[in-house]
Colleague: 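One structure, pasted below without further comment.
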Amino acid sequence: MALVPSTAIDGPVFAEVDMGGDSSSTTVRATVVQASTVFYDTPATLDKAEKLIADAATYGAQLVVFPEAFIGGYPRGSTFGVTIGSRSAKGKEDFRRYHAAAIDVPGPEVDRLAAMAGKHKIFLVMGVIEREGYTLYCTVLFFDPQGQYLGKHRKLMPTALERVIWGFGDGSTIPVYETPLGKIGALICWENRMPLLRTALYGKGIEIYCAPTADARDVWQASMTHIALEGGCFVLSANQFCRRKDYPPPPDYMFAGVDDEPLPESVVCAGGSVIISPSGVVLAGPNYEGEALISADLDLGEIVRAKFDFDVVGHYSRPEVLSLTVRDHSLKPVSFASAENKAESTRKS
């Protein structure tokens, strides 16, 4: 594996890796984006995404992965005025603004993201805050190089206070897409630590495992390496790099849980975006220096070589002892029997 020196440009830094694969294997150029949301300004964030996608495509990216909640924003440090038994008026207004910055799926922002993927001929994996009525979801959207929206994954289990502002996904949005680049899917942040949810992706044959996150801690790297080894897949983890100034200034936006209000240049999320091979080799990153486009050439033959050692849902499984059932249908809070009966009558006739 040879490291290709980073290319200095006016903007993000590129760290590129040549895996040195043989000519019989397919090689995929993948890029993870490490950049901050323009908080509360979704049109400006979409403009920023378009520039980053264009830059990545210029360097040959075929797959581009963005961080968790890039469109809509990760509300780091916010409490939304919540204490047990009460919610403040300011917290409710904060949620109203956050709701306004989210996007409908499908919707005009989804159409624009699809157009970006089509224009630059890339597969795009984008973290968004999805708005369905008055409930928000932390979601990943998938797009193909023909400019088609493929579908979504909703975060199954928001973490801690995230549960106050985001709804829960279900088994109907745990897709793995078979593409010319390989089988692509995603889990978001700490749901990557859920063994059974990972196993569901392994059962679908995932080969390029995307892990948009908001976790910049060193221990996140251990989780990413473990998943690459466990799943025999490439792991692409994208996180935002944010400074205090990337959020609205106080008192409009306050950071809770800190002794003093951070200075404008203070780093509030240090990134750590990384690409790891199925054998556990770090191919690019982790980057803790600033906004960056982090790229690697993925030799898909490495998947087969890794699976020879350990195939978690193949020769290393013991289904007569251990098995997993995934309920992959959506659950609706309201159903209308009259409509269902009419549809059944139509089918019978």
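Quick note: residue numbers are just sequence positions, from 1.
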Colleague: State, with a plain yes or no, whether a side-chain heavy atom of Phe142 is found less than 4.5 Å away from one of Leu124.
Modeller: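 Phe142 vs Leu124: side chains apart.
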Colleague: Kindly check if the number of other-residue, nucleotide or ligand heavy atoms within 6.0 Å of CD (Glu93) is above 12?
Modeller: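 Check passes, neighbour count above 12.
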Colleague: For Glu178, does the CD atom have more than 12 heavy-atom neighbours from other residues, nucleotides or ligands under 6.0 Å away?
Modeller: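 For Glu178, atom CD is not crowded (no more than 12 foreign heavy atoms under 6.0 Å).
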Colleague: Walk me through it: do His315 and Lys307 pass the test side-chain contact (heavy atoms from CB on, under 4.5 Å)?
Modeller: CA-CA 9 Å; His315 64 76; Lys307 297 278 194 182; 5.8 Å; no
Colleague: Between Leu187 and Leu201, is there a side-chain heavy-atom distance shorter than 4.5 Å?
Modeller: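 Yes. Closest side-chain heavy atoms under 4.5 Å.
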Colleague: Give the intermediate values and the outcome of side-chain contact (heavy atoms from CB on, under 4.5 Å) for residues Val28 and Leu300.
Modeller: CA-CA 8 Å; Val28 173; Leu300 299 189; 4.1 Å; yes
Colleague: Would you give the length of the straight line joining atom CD of Glu291 to atom CZ of Phe241, rounded to the nearest 0.5 angstrom?
Modeller: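 These two atoms lie 8.0 Å from each other.
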Colleague: Can you establish whether the number of heavy atoms outside Lys90 located under 6.0 Å from its atom NZ is more than 12?
Modeller: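 For Lys90, atom NZ is crowded (more than 12 foreign heavy atoms under 6.0 Å).
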Colleague: Can you spot which of Val176, Ile227, Ile276, Leu236 makes a side chain to side chain contact (heavy atoms under 4.5 Å, CB included) with Tyr209?
Modeller: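 Testing each of Val176, Ile227, Ile276, Leu236 against Tyr209, the sole residue satisfying side chain to side chain contact (heavy atoms under 4.5 Å, CB included) is Ile227.
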Colleague: Does the side-chain contact (heavy atoms from CB on, under 4.5 Å) test come out yes or no for Ile303 and Phe234, once each step is laid out?
Modeller: CA-CA 8 Å; Ile303 296 171; Phe234 289 96; 3.8 Å; yes
Colleague: Just jot down the ring-ring contact (aromatic ring centres under 6.0 Å, His included) partners of Tyr247, sequence neighbours excluded, or say none.
Modeller: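 Listed in chain order: Phe39, Tyr253, Phe255.
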Colleague: Answer whether the closest heavy-atom distance between the side chains of Ile129 and Trp166 falls below 4.5 Å.
Modeller: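 Yes - at least one pair of side-chain heavy atoms lies under 4.5 Å apart.
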Colleague: Please write out which residues are connected to Leu331 in a hydrophobic cluster, directly or through intermediates, given that two of Ile, Leu, Val, Met, Phe, Trp, Tyr count as joined at side-chain heavy-atom separations below 4.5 angstrom.
Modeller: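 For Leu331, no cluster forms, as it stays isolated from other hydrophobic side chains.
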Colleague: Under 6.0 Å between the ring centres of Phe168 and Tyr137?
Modeller: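 For Phe168 and Tyr137, the ring centres are not under 6.0 Å apart.
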Colleague: Apply side-chain hydrogen bond (donor to acceptor under 3.5 Å, both in side chains) to His226 and Gln221, showing your working.
Modeller: CA-CA 9 Å; His226 172 78; Gln221 304 300 320; over 6 Å; no
Colleague: If you measure from OG on Ser172 to CZ on Arg154, what distance do you get to the nearest 0.5 Å?
Modeller: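 Rounded to the nearest 0.5 Å, the OG-CZ separation comes to 7.5 Å.
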Colleague: Indicate whether any N or O donor in one side chain lies under 3.5 Å from an N or O acceptor in the other, for Thr213 and Asp215.
Modeller: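 Side-chain D/A pair, Thr213 to Asp215: absent.
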Colleague: For His120 and Gln62, which I'm curious about, is there any donor-acceptor pair between the side chains at under 3.5 Å?
Modeller: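 No, no side-chain donor-acceptor contact under 3.5 Å.
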Colleague: Report the C-alpha distance between Asp299 and Arg305 in whole Å, list the side-chain angles of each, state the deciding distance to 0.1 Å, and finish with yes or no for side-chain contact (heavy atoms from CB on, under 4.5 Å).
Modeller: CA-CA 11 Å; Asp299 170 18; Arg305 293 189 283 271; 2.6 Å; yes
Colleague: Within the structure provided, determine whether Val125 and Leu63 are in side-chain contact (heavy-atom separation under 4.5 Å).
Modeller: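 Yes - at least one pair of side-chain heavy atoms lies under 4.5 Å apart.
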Colleague: Count I, L, V, M, F, W, Y as connected when their side-chain heavy atoms are under 4.5 Å apart, and connections chain through other members. Are Phe70 and Val267 then in the same cluster?
Modeller: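 Cluster IDs for Phe70 and Val267 differ.
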Colleague: Working to the nearest 0.5 Å, report the span between CG of Asn239 and SG of Cys269.
Modeller: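 One finds 4.0 Å between CG of Asn239 and SG of Cys269.
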Colleague: Give a yes or no on whether the backbone of Lys183 and the side-chain of Thr179 come within a donor-acceptor separation of less than 3.5 Å.
Modeller: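 Looks like no, no N/O pair under 3.5 Å.
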Colleague: Which value, rounded to the nearest 0.5 Å, describes the distance between Arg243 atom CZ and Leu263 atom CG?
Modeller: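 One gets 11.5 Å once the value is rounded to the nearest 0.5 Å.
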Colleague: We want to know whether Thr42 and Thr45 form a side-chain donor-acceptor pair, criterion being a heavy-atom distance below 3.5 angstrom.
Modeller: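 No, because no side-chain N or O of Thr42 sits under 3.5 Å from a partner of the opposite role on Thr45.
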Colleague: Kindly compute the distance separating NZ (Lys155) from CD (Glu68), expressed to the nearest 0.5 Å.
Modeller: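 Interatomic distance, Lys155 NZ to Glu68 CD, rounded to 0.5 Å: 4.0 Å.
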Colleague: Among the clusters formed by ILVMFWY side chains lying less than 4.5 Å apart, do Phe310 and Phe308 turn up in the same one?
Modeller: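 Different hydrophobic clusters.
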Colleague: Check whether Arg87 reaches the backbone of Val82 with its side chain - one donor and one acceptor, N or O, closer than 3.5 Å.
Modeller: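 No; zero donor-acceptor contacts below 3.5 Å.
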Colleague: Report yes if the side chains of Asn192 and Ser223 come closer than 4.5 Å at any heavy-atom pair, otherwise no.
Modeller: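 Side-chain contact under 4.5 Å: no.
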Colleague: Regarding Thr31 and Ser295, is there a side-chain donor-to-acceptor distance under 3.5 Å anywhere?
Modeller: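 Looking only at side-chain atoms, Ser295 and Thr31 do form a donor-acceptor pair, the distance falling under 3.5 Å.
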Colleague: Would the distance check show the side chain of Ser237 and the main-chain N or O of Ala211 forming a donor-acceptor pair, the cut-off being under 3.5 Å?
Modeller: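 Pair found, side chain donor or acceptor close to backbone of Ala211.
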Colleague: Could you check whether any side-chain heavy atom of Ile71 comes within less than 4.5 Å of a side-chain heavy atom of Ile103, counting everything from C-beta outward?
Modeller: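 A side-chain contact exists here, since the closest heavy-atom pair is under 4.5 Å.
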Colleague: Do the non-hydrogen side-chain atoms of His153 and Glu191 ever get within less than 4.5 Å of each other?
Modeller: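 In contact.
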Colleague: Do Leu46 and Tyr98 share a hydrophobic cluster (ILVMFWY, side-chain heavy atoms under 4.5 Å, transitive)?
Modeller: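 In one cluster with Leu46: Tyr98, no.
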Colleague: Could you check whether Asp47 pairs with Lys51 (Lys NZ or Arg NE/NH1/NH2 to Asp/Glu carboxylate O, under 4.0 Å)?
Modeller: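 Here Asp47 does not pair with Lys51 in a salt bridge, since their nearest N and O are not under 4.0 Å apart.
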Colleague: Do Val258 and Asp260 come close enough that some side-chain heavy atom pair is under 4.5 Å?
Modeller: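 Of all side-chain heavy-atom pairs linking Asp260 with Val258, none is under 4.5 Å.
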Colleague: When you check the side-chain N and O atoms of Ser36 and Lys48, is any donor under 3.5 Å from an acceptor?
Modeller: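 Looking only at side-chain atoms, Lys48 and Ser36 do form a donor-acceptor pair, the distance falling under 3.5 Å.
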Colleague: Go through Arg244 and Glu265 one step at a time and tell me if the salt bridge (charged side-chain N to carboxylate O under 4.0 Å, His left out) criterion holds.
Modeller: CA-CA 6 Å; Arg244 175 62 183 88; Glu265 293 296 331; over 6 Å; no
Colleague: Is the Lys NZ or Arg CZ of Arg217 less than 6.0 Å from the centre of Trp220's six-membered ring, within 45° of the axis?
Modeller: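 So Arg217 doesn't make the cation-pi contact.
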